[in-house]
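This structure is a prediction, so every number in the text was calculated from the model and none was measured. So that the names make sense, note that chain A is the first sequence line, chain B the second, and so on, each numbered from 1. As a basis for the values below, the full set of heavy atoms in this structure was taken, side chains included, without hydrogen atoms, waters or symmetry mates.
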Number of protein chains: 4
Amino acid sequence: MRDVEPSTPEPRRRRANGDESRQKILAAATAIAGERGYDGTSIALVSERSGLPASSIYWHFKDKDALLAAVIDRSWVEWVAGMSTPVQIEEGASRLEIMRALMRRTGRALLESPDFLRLGLMLTLERRPDEPAARTAFLHTRGETFDQMVASYAEHFADLDEAGARELATFTMAMADGLFVAREIRGDDMDLVQHFETLAVAVLAVADDLAARTPSRTRV
Amino acid sequence: MRDVEPSTPEPRRRRANGDESRQKILAAATAIAGERGYDGTSIALVSERSGLPASSIYWHFKDKDALLAAVIDRSWVEWVAGMSTPVQIEEGASRLEIMRALMRRTGRALLESPDFLRLGLMLTLERRPDEPAARTAFLHTRGETFDQMVASYAEHFADLDEAGARELATFTMAMADGLFVAREIRGDDMDLVQHFETLAVAVLAVADDLAARTPSRTRV
Amino acid sequence: MRDVEPSTPEPRRRRANGDESRQKILAAATAIAGERGYDGTSIALVSERSGLPASSIYWHFKDKDALLAAVIDRSWVEWVAGMSTPVQIEEGASRLEIMRALMRRTGRALLESPDFLRLGLMLTLERRPDEPAARTAFLHTRGETFDQMVASYAEHFADLDEAGARELATFTMAMADGLFVAREIRGDDMDLVQHFETLAVAVLAVADDLAARTPSRTRV
Amino acid sequence: MRDVEPSTPEPRRRRANGDESRQKILAAATAIAGERGYDGTSIALVSERSGLPASSIYWHFKDKDALLAAVIDRSWVEWVAGMSTPVQIEEGASRLEIMRALMRRTGRALLESPDFLRLGLMLTLERRPDEPAARTAFLHTRGETFDQMVASYAEHFADLDEAGARELATFTMAMADGLFVAREIRGDDMDLVQHFETLAVAVLAVADDLAARTPSRTRV
DNA sequence: AATGAATGAGGATTCATTCAT
DNA sequence: AATGAATGAATCCTCATTCAT
């Protein structure tokens, strides 16, 4: 994947390039896990798709669980990158316009790197008794995203207290998850980004509802 | 394995025992599938938990796929029963109050029989290449629920056309799915019913937004 | 292995004969374990030698550990059978002659069915952290033999108390184990039975030594 | 891995570090082999316990077999050291007292460095088809000990011919092996040294028995 | 004097499924 | 209406060993 050196076309090489192999394995595993879930991601398949023998996979990752945890991490990094594009907000934009811009970005990021959420949701639902590291990794990173959202809400919605902000974040994530699932079912004929934009009004409505229930913080 | 008394043949029972076994298998499979998903539901586990040998499972069901499709059906019936409790709506209730009552019922039904949705979502996300009958069964029954919701929305929201009603149903289901997932993550310390009630304002907000975009149907 | 019925040369047969298969597996496993020890007894080897696929072995035995525990049991039964031949003791035989006859029988039994002790000693020495069931089975059955020997000594050696009898049994077993090991090293050119006979004088000498140390039980 | 200071080069050390690694590997391998036998001593485990990569083990030893042969050698050296403490024998000590002192020393040496015998016996019993070098090494060194014992017996027991001395040595080693095994089974609550002392009377009894059978060598 | 990376063979075990009874 | 027994393919993972650096 890394661009090959232009001159002297592979004279040596072939033995020992740790990081490259690791990346190949991760790439294969990410693709497969995104398609078939935890159980469906067999080491044999990853081996075949990455071109490395199964035993080499075990050199790079302790076991299947650790591999899938790394997959979660990797796809999370990708997704976070997508979420880092600055949001274009015009001077004097309304609350709704701001919200809409934010949701649009989320939808786009999800469209571009859906592996994180898809695999994560699968792991979340399949509550297998042994709590794989991969699941823990997902919940951890998801928790970070949640915290950021809470902080952002607490800052922008003056009439929400901490608990209210948390509630609003819960709803936002839930709605995002739900739309994502809907798109997984319906496939390409559903415009995910546009639906995310529509979600903005829903979030604001919930915010107002929560604020009305907040025991009048700064209200005199 | 059942002890067989030599004399005095039991008057009733003993016949139609086939169905009893079938139910035992289904019950075990439902529980396991709810916990561990499609792959995690091994025939050996179902056999162990139901107390019947694996070969008996194959007497009752063509294969694992058919068994899981039956599980989906069974859990759907359960869930539909929960959704059939009549909604108590007072005379002259507001749009919001009606919506809230409906959402409350949904939340409750999900709380009581979560297997259908949990297993269904898992099947949905695990897009295995062979499209198991179980997944199809889920999407089919889910589609029916969707159609009913569309019909209901088309009737109650005069300013929404057919397409609008479908959109609104899409959002409603998405939000429900999302909250359900959130509760799966958070566990018992999240009051699912109350969150579903709050969702009512979100749904109405989206309805209004969609109506505003509708090319003025019966508007005078 | 069981002699086949003389008439009607295998018309049906082939499917399902549980016990026969179990015996085939056990026989193969016993032979291999006797040759190569716990680790050396791979399921693949047992499968090959017994003619049944590996998965069938798992139908009959929970896992490798259970299989080897069964092997221990089986070889113990064999060995106990060898130890059950009545000892020919002439009227008015001396203590030494009696002891010699007993040791001779032990040597013979060990010569005919050495698997129990060989495998058992291997398991005993290899104190692997997980304490396999096979090891436990060996120690258990060995314990039974020990108890019988103690009872026998307590009865025949009037000047030994219970503790003394236990000590004597300990020495007897130790010497027997040791000679067995020696024969494993030296192979056929060592006459095990004759060596066991010689052991008789050693046992008696120890018995006397222990008795001398016993705090004069019935001694007036 | 060791931190390399940029300036002020350490005066001593740093060279001949190869031997240090070798010792680390040997120490780890000895410990593991004593616990788990030949098969149980995996290169990976030795690598982990010694802190050196597996490939380094292959730098120091040709293969696993050579490593375990070295382990045998090493533990033999240790054991021989224990056996070299001079035996304190008083002027005019009886045959029994001399024997007892010798056995006591043996018991002590075995208690302090049991690895040699434990591993050796395991290798002896596990008669794997390929006859590993480790097994050969054990039998060789054990043979040396045997020869010394024969020489000693031939010298001290005037009424035993060469064959008789060999027989007596065989019995002595067998009894020692047997007691050692007993102690492996019973653990710390068995006083190995005291049991070895008691063995003295058994050895002498056998010696007399053998002598009686010897065709009157120097007997006048 | 060492080691990171790789690798094929084989380890135990579970899988869904079948079939004779 | 059921089930004991069997089975081939697949599962994850560990093995001893090698080799380029």
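We find the OG1-CD distance between D:Thr30 and D:Gln23 to be 9.0 Å, quoted to the nearest 0.5 Å. Interatomic distance, C:Leu121 CG to D:Leu121 CG, rounded to the nearest 0.5 Å: 8.5 Å.
The distance between atom CH2 of C:Trp59 and atom P of F:dG4, rounded to the nearest whole Å, is 7 Å. Atom P of nucleotide F:dA5 and atom CD of C:Gln23 are separated by 13 Å, given to the nearest angstrom. Residue B:Arg36 contributes atom CZ, which lies 14 Å from atom C1' of E:dC15 at whole-angstrom precision. Whole-Å rounding puts the D:Arg22 CZ to E:dA2 C1' distance at 15 Å.
DNA chain F lies under 4.0 Å from at least one heavy atom of each of the following residues of residues 60-69 of chain A: A:Asp63, A:Lys64. Within residues 40-56 of chain A, the residues approaching DNA chain F are A:Thr41, A:Ser42, A:Ile43, A:Ala44, A:Ser55, by heavy-atom distance under 4.0 Å.
Partners of A:Ala66 under the side chain to side chain contact (heavy atoms under 4.5 Å, CB included) rule, at least two apart in sequence or in another chain, are A:Lys62, A:Asp63. In terms of the salt bridge (Lys or Arg N to Asp or Glu O under 4.0 Å) criterion, residue partners of B:Arg118 (sequence neighbours excluded) are, by chain and number, B:Asp115, B:Glu184. For B:Ala31, the side chain to side chain contact (heavy atoms under 4.5 Å, CB included) test picks out no residue, with sequence neighbours left out.
For the pair C:His60 and C:Lys24, the minimum side-chain heavy-atom distance is 4.5 Å or more. Between B:Leu119 and B:Phe138 there is no side-chain heavy-atom pair separated by less than 4.5 Å. In this structure, D:Arg135 and D:Glu126 have side chains that are not in contact, with every pair of non-hydrogen atoms separated by 4.5 Å or more.
The side chain of B:Tyr58 lies closest to E:dT17, out of E:dT17, F:dA16, E:dA2.
For the side-chain contact (heavy atoms from CB on, under 4.5 Å) criterion with B:Phe61, the lone passing option out of B:Ile25, B:Leu68, B:Val71 is B:Ile25.
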What side-chain donor-acceptor pairs closer than 3.5 Å can you find for residues 37-54 of chain D, not counting sequence neighbours?
from, atom 1, to, atom 2, distance (Å)
D:Tyr38, OH, D:Asp65, OD1, 2.7
D:Asp39, OD2, D:Arg128, NH2, 2.4
D:Thr41, OG1, D:Gly37, O, 2.6
D:Ser42, OG, D:Leu45, N, 3.1
D:Ser47, OG, D:Leu52, O, 2.8
D:Arg49, NH2, D:Glu35, OE1, 3.3
D:Arg49, NH2, D:Glu35, OE2, 3.4
D:Ser50, OG, D:Val46, O, 2.8
D:Ser50, OG, D:Ser47, O, 3.3
D:Ser50, OG, D:Leu52, N, 3.3

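Residues B:Ile72 and B:Ala134 share a closest heavy-atom pair of CG1-O, 3.8 Å.
For C:Ile57 and A:Asp39, each mapped to the nucleotide of DNA chain F holding its nearest heavy atom, the one lying further toward the 5' end belongs to C:Ile57.
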### Summary
Given Watson-Crick and G-U pairs under 3.5 Å, DNA chain F in dot-bracket ([ ] crossing, | other strand) is .||||||||||||||||||||

